[in-house]
Amino acid sequence: MTTALIFLPVSGALLVWLVPMPRAWVGSTALLVSLAEVALWIAAVAGFGFGSSGLQLEDRASWFSDLHVSYHVGLYGFSLWLVGLTAVVLAASVGYACSAGRDRPRAYYGLMLLLTGAIVGVFAAQDLLLFYAFFEAMLIPLYVLVGVWGGAGRIDATLKFVLYTMAGSLLMLASIIVFGLSQGTFDLVDSGTSGSAWLFLGFAFAFAIKAPLFPFHGWLPDAYRESSPEVAAVLSGVVSKAAAFGFLRIAIAKFPGPTDDFRLPILVLAAIGLVYGSLLAFRAPDMRGVIAYSSLAQMGLITLGLFAANDLGFDGAVLQMVNHGLISGALFLLAGSVERRTATGELSRLGGLARGRPALATVLLTVGVIALAVPLSSAFAGEFLILAGVFRQGWIWAVLGAGSIVLAAMYVLRLISAVLHRGVGRAVPEQTLDLRPAELGILVPLVACLLALSAWPAAVSEHSFAGDRPARDVASGFRAPGEELTAKGALP
Amino acid sequence: MLLASFGNFLVWVVWIAAAFACLGSGVAVVSFTNPFYSALALIGNLGSLAVLYLLLAAEFVAAAQVLVYAGAVMVMFLFVIAYLGGQADAPWAGGPSWQTIGAVGAAAALLVEVVVAIGLKAGGRLSDEADVRRSFGGPAQIGRLFLTDHLLAFEITSVVLLAAAVGGVVLGAHARRGEWGSAAPERRRTT
Amino acid sequence: MITTSAWVCLLSPLVACLAIALAGNRISRRGSGYLATGAVALSFAAAVVAFVGLLGEQPDERSHLSTAWTWLGGGSYHSGLSVLVDPLSVFMMLVVSGVGSLIVAYSLGYMDGDDEERRFFAYMALFVFSMLLLVQGGNLLLLLAGWGMVGLSSYLLIGFNQRRPQAIAAAKKAFVMNAFGDATMVLALFLLVQHTGTLDFAATFERAQGLASNHWVVNLVALGLLGGAVAKSAQLPLQTWLPDAMEGPTPVSALIHAATMVTAGVYLIVRAHPLFELAPTVEDLAAGLGAATILLAGLIALVQTDVKRVIAYSTMSQIGYMFLGAGLGSYANGMFHLLTHAFFKALLFLAAGLVIHALAGEQDMRRMGGLRRLMPRTWLAFLVGALALVGVPPFSGFFSKDSILAAALDHGTYGYVLWAAGLGGALLTGLYTFRMLFLVFGGEPSPFVREHHHAHEGKEGPLSMTATVAVLAVLATVGGWIQLAGVWTPVSDWLFPVAEPLVEATGRQEAISSVLAVGLGLLGAAIAWWIYAARRGRVPRLRAVRTLLERKFYFDEAYDLVFYWPAAAISRAWGSLVEGPLVGGAGAGLGQATRGAGRLTARAQTGLLRSYALAIAASLAVLAVVFISVR
Amino acid sequence: MIRTPHVDWFALTPVLALLGAAGVALLGAVLVPRGVRKPFSALVCAGGFATAIVFAALVYARSAEGQGVIADSLLRDRFAALAQLIVAGAGLLCVGISYGERTRGDHVGEYYALLAAAGGGMAFLVGAGNLMTLFLALEWFSICLYVLCAIDVDLVGSLEAGLKYLVVGSFGSAILLFGSALVYGATGQLSLEGISRAVSAQGISDDPLLLAGLAMLITGLGFKASAAPFHMWTPDVYQGAPTPVTAFMSAATKTVALVLTLRVLVTAFPQEAHLWTVTLAVVAVVSLVVGNLAALVQRNVKRMLAYSSVSHAGFMLIPIAADSALGGRALLYYLIPYSAMSLGAFAVVAARERELGRPVTLENLAGFGWERPFLGLSMWAFMLGFAGFPLTGGFVGKFYAFSAAYRHGWTWLVIVGVLATLVSLYYYLGVVRALYLRPSAELRLAPAGGSPPREAVLQVSVAAALVVTVVSFFAVQPIIDVAKDAAGSLPF
Amino acid sequence: MPGPTVTWYLAVSVVLFATGVLGVLLRRSPLIVLLSLEIMLNGANLALIAFSRYQGRGDGQIFALSVMAVAASEVVVGLGLIVALARRKVALDVDKLTTLRG
């Protein structure tokens with residue numbers, strides 16, 4: 001099942017590339033494949049045993065045995081949600097690309113589908129090397145997606161993005177090798193924990209860049225601004241979650257000692273990122289900038305939750321990952337829609353779009369208020385859990401977090417009023433259309449997901465870890481109770 | 001006894017003469033500005049080396065050295081130099097450059113190192129050489145070795161020579177065509 | 001039955017909101033208004049059913065919790081999506097849906113012709129839902145959810161006129177200040193979650209008793225909640241957003257910024273009184289803030305020229321009374337004042353709305369005057385509202401306000417201070433209320449009025465508006481009669497199971513307070529008459545004081561100075577000092593350095609064959625030295 | 001009467017096949033009519049390499065136990081057979097790349113003869129069992145390569161490359177020879193195993209002559225492997241030589257040199273491991289630094305790839321320095337995808353070069369990916385493979401190399417390797433950037449008379465290289481098994 | 001008084017080798033560079049033969065003979081290259097062969 005989730009999009013990509021078809025069909029084929037992925041995910045949810053712990057929907061095959069590396073995939077509750085997030089956001093992005101139209105469709109859609117497969121693979125991988133392989137494989141399509149279909153400054157942006165990311169992930173590779181060889185296996189399920197601070201830092205560094213955490217976000221503004229909106233949506237909505245997932249599945253679960261030791265510095269960075277991102281979002285001159293920096297802030301928040309390292313923090317972090325993925329995806333797609341109409345994202349040249357365009361106004365407003373975590377929204381639920389969790393590590397984190405709620409209100413409202421309200425901006429033509437049905441068809445499902453989550457955030461937060469005790473689940477390495485560490489791969 | 005020591009004395013005399021001739025001509029090769037003289041000096045070098053080979057009981061090698069090396073190879077050399085005309089360059093001209101300093105330094109360092117290595121070794125066991133039969137180094141022994149244990153080396157040598165010959169033909173053959181960029185597009189246009 | 005009706009009450013406005021939003025153009029503008037009105041009316045009906053249902057039960061059984069599903073869970077902490085039906089919530093449900101349905105109905109007329117009517121009614125319905133969620137929520141988290149949602153709908157409605165920059169700015173200001181309150185509240189909730197592990201009312205209150213000895217925790221919890229209450233209810237020091245919020249349409253001001261939302265702070269204190277009672281200092285602080293607000297708002301109201309702003313300041317001031325009462329532990333009196341205030345303040349706003357409507361949107365009192373003759377019925381309604389506000393018997397304000405003052409007398413020395421402040425407030429109330437009344441209605445019609453006044457088909461307004469005003473006028477008159485302190489106390493009795501009062505004023509205290517308050521109120525009115533109607537006196541020329549009042553005690557400037565400018569400065573500084581050079585520059589610098597090193601390396605590749613050989617020879621020399629010396 | 005020794009002809013079959021092909025091609029240069037000379041000699045050469053592949057595979061299959069041929073002057077074992085397989089495969093692909101080369105002119109027969117002869121020399125060299133055959137075989141293929149480099153006698157660049165290669169190469173060979181002489185003098189042995197035996201028998205592991213000789217041997221071998229600081233001929237020669245020859249050199253010469261380095265050091269000098277492991281580690285680091293840094297600033301693609309081959313020498317010296325069976329496995333594994341990628345990359349360069357009629361730079365590579373989708377995609381894959389991205393064997397190769405270093409206790413070497421990879425990304429991705437991200441409008445070369453016909457043969461070669469590159473990622477286990485057996489021939 | 005020992009021969013061979021190295025590193029004429037390479041090879045040959053004598057084994061001489069052939073091959077190819085370069089009117093100076101650099 002998990003294998004199917006990974007390779008359905010990949011085979012879709014091959015289909016798009018290899019089977020001759022009219023140009024016009026390419027987009028719809030890709031869309032169909034990504035919708036099929038969503039359907040497959042729903043089937044996976046239906047068959048998922050949320051009550052039981054341990055790895056589910058597991059597939060395993062040896063890759064190379066002398067170093068005990070295997071193709072081992074499977075899902076936990078939280079990975080299931082992240083996979084779902086991937087499927088949904090990617091489907092929306094592909095749909096958006098269809099509606100916007102992209103040059104060189106075969107290459108484009110093929111890469112999008114490949115990206116889908118790679119991201120799902122990251123969330124499903126249970127072998128460190130496989131994880132790394134998928135983690136890197138994400139970059140391959142992204143590099144071209146940003147670099148070819150991006151804006152004017154795309155080339156520098158891609159380069160920055162890739163070099164930053166690789167700087168982290170290559171150190172992670174070093175850590176993986178050392179960890180895997182010293183454990184005798186690269187399997188995440190079979191391997192035990194480690195107390196090495198250096199290894200932990202290797203992993204943490206990679207994830208801190210990917211997320212990104214302050215001050216490793218040098219690539220973020222350019223990448224989010226220069227890529228096409230749907231790719232930015234994927235980047236900030238889904239790809240950044242790979243980092244959070246890595247923190248959870250590897251850095252925290254495999255390095256309990258160093259996690260404790262480095263909690264303070266990481267919490268500090270995350271909190272700085274939260275405040276810093278919020279303040280810069282408040283100052284950003286364009287829509288994408290606001291969303292980009294708010295992403296920085298949100299990833300800081302998620303990291304706070306993860307490194308709170310308690311029940312509330314873990315549950316909240318997973319919930320917030322899903323939330324932020326949907327929100328940020330929807331916001332970037334909206335930014336794209338606005339940019340298509342006005343040819344600019346600069347806030348000073350926008351304005352007055354609400355009047356006469358109720359659909360745009362409603363959707364942007366809805367996503368916006370969820371983004372600023374108005375109580376009763378799913379984002380609020382996530383932030384509440386995270387901050388309640390991190391509160392136990394020290395009141396200051398929660399105070400900073402709560403302060404950032406105020407800042408979030410400030411920058412989101414600034415964004416909304418700058419785009420929708422005030423006088424009609426210079427860049428807004430009189431005959432600017434409202435959201436078209438095709439765009440609504442993409443955005444409304446995203447908003448619906450958010451509203452559904454707002455009505456029932458516990459759907460994610462209570463079904464991410466086994467039982468009531470996420471912290472114990474994490475500490476036990478996500479094993480079912482009674483399942484002992486099998487030393488299959490241990491070297492003599 | 002006396003005869004033996006006289007023999008050794010004679011060996012020393014020959015050795016010293018040959019060694020100095022060898023080194024002198026070596027330095028001359030490197031120092032002459034005209035390649036023609038350098039080549040001539042190399043012939044002298046090869047000849048004096050042949051003498052040293054004889055002293056080391058390598059008669060066959062010595063003979064081959066004179067015939068093949070000093071004879072055939074160097075003649076080819078001289079032909080080419082004559083064909084090209086000696087273009088002189090002054091090795092020490094223009095004062096010492098970093099290349100010169102580095103060259104002298106590196107060569108001296110290598111010399112000193114290996115000499116030190118030999119010296120360290122000689123302090124140990126390098127002085128006593130093995131007793132050898134009279135046939136050592138003779139054509140028969142060489143021939144046997146070449147056809148038994150070192151058959152493959154022999155064969156390879158022939159292949160190497162053949163390859164070099166082919167190379168000489170390829171490189172020396174006359175064929176005039178244009179350069180990159182200028183000729184190629186022209187050709188394309190005509191086709 | 002009771003819980004079902006509570007769910008109906010809660011959800012019917014939400015359904016209306018979603019229906020209007022989703023229907024889009026398929027529903028007429030009018031239709032959306034009717035839909036919203038009907039939905040809110042249905043809520044009211046359901047609230048009445050719940051009320052009747054509760055009446056039929058024993059007082060100590062009047063509490064029903066109904067949970068739909070677990071809304072949020074994390075670890076062992078769970079919060080249900082649940083409604084609580086008990087006397088307090090039913091009381092608030094009645095107020096909210098009752099006044100709400102009246103005001104939504106009023107809007108039918110007020111908003112007629114606006115081309116974004118649908119949006120307005122959707123927002124209104126959303127607000128009513130949010131407010132009901134606030135009061136019905138079965139745990140503190142849902143209370144907070146409603147708390148935030150009313151802030152959101154308030155934001156949406158204040159900024160309803162999207163083209164007006166002031167409206168947008170006011171909306172943002174309101175939201176951000178409320179977000180600040182939300183933040184302090186959320187922190188209090190974190191403390192509670194940490195120490196009690198739950199946010200369900202009953203369980204939290206019960207377990208919080210165990211924390212009584214932990215002064216820090218209980219004080220901080222109470223303080224956090226108070227922060228939220230103060231922000232929402234526009235009390236000192238977070239009061240500045242409310243006057244600006246008058247940028248919203250008048251029905252919005254009536255519903256949200258007078259009758260319901262701004263009083264949520266009082267509801268919160270009453271609802272969470274077990275927590276506040278653990279922290280008497282904070283309770284005193286609440287009362288003190290209320291008292292200070294009474295005076296401050298009353299003073300500022302004296303110099304305002306915008307009719308709605310005057311009413312807004314009076315709202316702040318009146319809520320100050322409620323805070324005073326709730327802070328003192330006189331919960332039922334606070335709630336009672338909340339009820340009567342909802343009536344007469346809505347009345348005042350709606351009547352003012354009639355005036356504004358008739359004057360094509362003009363709100364400046366200095367351009368009004370003489371409207372008494374043009375709009376006599378409106379004048380009457382306004383007068384009723386004014387009298388109720390000032391607390392003149394037998395109008396409703398009298399019954400509720402004076403009980404609060406009396407309760408202050410039962411609170412020691414601190415109580416006397418508060419009492420005095422309250423009495424001062426009464427004087428100010430009379431003064432600014434009647435100043436407004438005389439300025440708007442008194443004298444001859446000003447040139448502006450003559451030019452702009454237009455009758456609505458010969459009447460003072462559409463039926464939906466005038467009828468509502470009439471109903472409210474009646475309620476403002478008789479609404480107070482359901483309780484007379486010490487004699488006839490159905491309200492206190494009703495709320496007793498939920499909020500047992502801490503203070504009980506004696507009859508003598510009641511009497512003294514009443515007499516003084518009424519007297520001072522009338523005195524204020526008389527002074528107003530003296531200056532503004534009879535024009536015999538003049539306002540003293542105290543330039544400094546006047547400026548101080550007109551600048552609203554410089555609160556806005558202070559906040560800009562303390563919060564906004566530093567934040568903006570930090571943001572700018574980080575943007576130019578950290579983001580560019582450090583974060584962006586670190587990567588770029590490393591890249592440049594690497595490329596520079598690359599250029600150097602490539603330069604070493606000179607193309608000179610001899611240097612290549614030299615490199616080999618030199619490396620060999622080094623290698624051999626190392627080998628021979630290390631061995 | 002000389003008793004001729006028994007000759008194990010079977011062990012020689014790969015070499016003989018190539019020599020035979022060379023001979024037939026040479027005859028063809030004289031006898032076959034000019035018109036069919038090119039297909040004839042190409043076919044003969046390809047046939048020779050194909051036969052060599054078959055025989056090498058057979059030798060591999062039948063040489064589970066290593067044995068010497070003719071007084072151990074040649075070793076018949078799986079190690080040599082595998083290396084012969086790689087060399088012969090590289091030669092076969094090189095024939096495909098060479099076929100379309102225009103400037104071959106009159107010497108086409110000699111070209112293929114020399115190519116086959118060079119292949120034969122390499123095939124011999126990897127089995128060389130004593131220092132004499134080692135030196136001779138080295139000269140054998142070197143002389144062939146000197147000529148091949150210069151075979152475009154009309155181009156000064158080609159001649160310059162040839163002369164530089166010849167002079168510096170002979171210089172290196174002379175050093176190697178002198179080193180051999182010193183080792184011979186110290187031990188009295190020429191055969192590799194004999195040296196090791198003599199060293200332990202006489203207890204002369206600290207003998208200065210032996211060590212000086214070892215230093216010289218390492219220098220000579222490092223020269224052939226183009227490891228820094230013995231690498232400086234590489235960029236010039238690679239750039240100046242005809243591209244197919246460069247392709248062959250970069251794949252085959254490197255393979256042979258590294259394989260030989262491993263064999264010589266492990267077989268003959270196990271007692272000096274404490275010296276040469278560290279030396280090779282340092283050489284690896286220098287290669288990584290120099291190769292990567294210098295490659296950063298190159299515009300000429302061939303020159304850039306030359307520096308990249310220097311840095312790859314560094315990468316592949318890491319497992320040799322590890323001096324372990326794992327290291328041997330890692331090296332042999334890595335060589336397979338590396339050779340394929342290298343050949344493929346130069347093949348693509350050759351294709352572009354033939355289109356443009358001028359040297360390929362990053363500028364005039366612009367838009368190539370869109371014009372030639374297959375070649376572009378392949379080049380992309382090769383670059384990613386060089387950079388060690390997943391989905392290519394380059395990733396697994398680096399992983400194994402680093403694993404070997406870590407097993408040897410050299411985590412620092414892993415870190416250096418990882419950082420070098422990071423730097424290398426810049427220029428590898430620079431190629432991808434040129435291929436896809438830059439619009440081809442920047443290209444002002446629109447060849448007159450339309451683009452030249454596509455070369456099926458070259459495309460097939462590229463496809464084969466691509467298949468090897470990608471398949472080696474998925475089918476790690478079989479390749480590693482083979483490499484394990486091959487490395488098992490060495491006395492670790 | 002014994003005759004000169006292997007050490008002496010070795011000394012000569014090393015000096016010869018170093019002279020050759022010096023020639024390659026210093027001279028700009030490709031012809032003289034080739035000659036210097038020959039000197040290096042001859043230095044090595046002398047060492048081989050000396051060691052062969054010292055060890056009493058014939059294979060050193062075999063090696064030396066093969067080296068001669070190799071040296072001849074190198075000369076052939078080298079001279080061919082030089083001639084080809086000269087035909088291209090390239091100055092016979094290795095320092096001027098710098099079209100490939102950087």
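Throughout, a chain's letter reflects where its sequence line sits, starting with A, and its residues are numbered from 1.
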| task | Below 4.5 Å from any heavy atom of chain A, which atoms of D:F402 appear? Answer side chain, backbone, both or neither. | result | both

| Residues of residues 130-137 of chain A near chain D, each having a heavy atom less than 4.5 Å away | A:Y132, A:A133, A:E136, A:A137

| note | Okay, D:T421 and chain A: the region with an atom under 4.5 Å from a heavy atom over there is both

| field | Backbone of A:G147 reached by a side-chain donor or acceptor of A:R154 within 3.5 Å | value | yes

| request: Answer yes or no: is there a side-chain heavy-atom contact under 4.5 Å between A:L67 and D:L326? | output: yes

| task | Return the orientation label for the D:Y400 and D:Y333 ring planes: parallel under 30°, perpendicular over 60°, tilted otherwise. | result | tilted

| remark: Honestly, the part of A:W149 sitting under 4.5 Å from a heavy atom of chain D is side chain

| Ignoring hydrogens and geometry, is there a side-chain-to-backbone donor-acceptor pair from A:E226 to A:G153 under 3.5 Å? | yes

| Can you say whether D:L435 sits under 4.5 Å from chain A via the side chain, the backbone, both, or neither, judging by heavy atoms? | neither

| Contacting moiety of A:Y164, where chain D heavy atoms sit under 4.5 Å | neither

| Within the distance-only criterion (no hydrogens, no angle test), does the side chain of A:R106 pair as donor or acceptor with the backbone N or O of A:W17 below 3.5 angstrom? | yes

| Which bit of A:V69 comes within less than 4.5 Å of chain D, counting heavy atoms only: side chain, backbone, both or neither? | side chain

| If we ignore angles and hydrogens, is there a donor and acceptor under 3.5 Å between the side chains of A:D59 and A:T3? | yes

| said: Is the distance between the ring centroids of A:F161 and A:W219 under 6.0 Å? | reply: yes

| Structural part of A:L171 lying under 4.5 Å from a heavy atom of chain D | both

| query | With respect to chain D, which residue among A:I176, A:V162, A:V144, A:V146 yields the maximal number of heavy-atom pairs within a distance under 4.5 Å? | reply | A:V144

| query | Roughly how far, to the nearest 0.5 Å, is CD1 of D:I479 from CG of D:L335? | reply | 12.0 Å

| query | So, D:Y428 and D:S308: side-chain donor and acceptor under 3.5 Å apart, yes or no? | reply | yes

| Within the distance-only criterion (no hydrogens, no angle test), does the side chain of D:K398 pair as donor or acceptor with the backbone N or O of D:G417 below 3.5 angstrom? | no

| Non-hydrogen atoms of chain A under 4.5 Å away: do they reach the side chain of D:Y436, the backbone, both or neither? | both

| said: What part of D:Y426 gets within 4.5 angstrom of chain A, counting heavy atoms only: side chain, backbone, both, or neither? | reply: both

| message | Using side-chain heavy atoms (C-beta onward) and a distance below 4.5 Å, is A:F207 in contact with A:M172? | response | yes

| said: My understanding is that only one of D:R352, D:R299, D:R433 makes a salt bridge (charged side-chain N to carboxylate O under 4.0 Å, His left out) with D:E363; could you say which? | reply: D:R299

| request: Could you check A:F205, A:F200, A:F255 and say which one makes a ring pair (Phe, Tyr, Trp, His ring centres under 6.0 Å) with A:F262? | output: A:F200

| query | Who among D:F399, D:F473, D:W380 has the most heavy-atom pairs with chain A under 4.5 Å? | reply | D:F399

| field | Toward chain D, the part of A:S169 with a non-hydrogen atom under 4.5 Å | value | neither

| message | Keeping A:Q183 on the side-chain end and A:T193 on the backbone end, is there a donor-acceptor pair under 3.5 Å? | response | yes

| How about A:W25: does its CH2 atom have over 12 heavy atoms from other parts shown lying under 6.0 Å from it? | no

| With only heavy atoms counted, which part of A:L173 is less than 4.5 Å from chain D, the side chain, the backbone, both or neither? | side chain

| task | Could you look at D:F395 and say if it's the side chain, the backbone, both or neither that has a heavy atom under 4.5 Å from chain A? | result | side chain

| A:R102 side chain to A:Y109 backbone, donor-acceptor under 3.5 Å | no

| field | Pairs of heavy atoms under 4.5 Å with chain A: top-ranked of D:G388, D:P373, D:S403 | value | D:S403

| query | So how far is it from D:D77 CG to D:D485 CG, rounded to the nearest 0.5 Å? | reply | 11.5 Å

| said: Only heavy atoms, only distances under 4.5 angstrom. Which residues in residues 110-122 of chain A are near chain D? | reply: A:L111

| query | Is a donor on one side and an acceptor on the other found under 3.5 Å between the side chain of D:Y334 and the backbone of D:P319? | reply | no

| request: Please look at D:I480 and chain A and tell me whether the side chain, the backbone, both or neither of the residue comes under 4.5 angstrom of a heavy atom of that chain. | output: side chain

| So which part of D:V423 gets closer than 4.5 Å to some heavy atom of chain A, the side chain, the backbone, both or neither? | neither

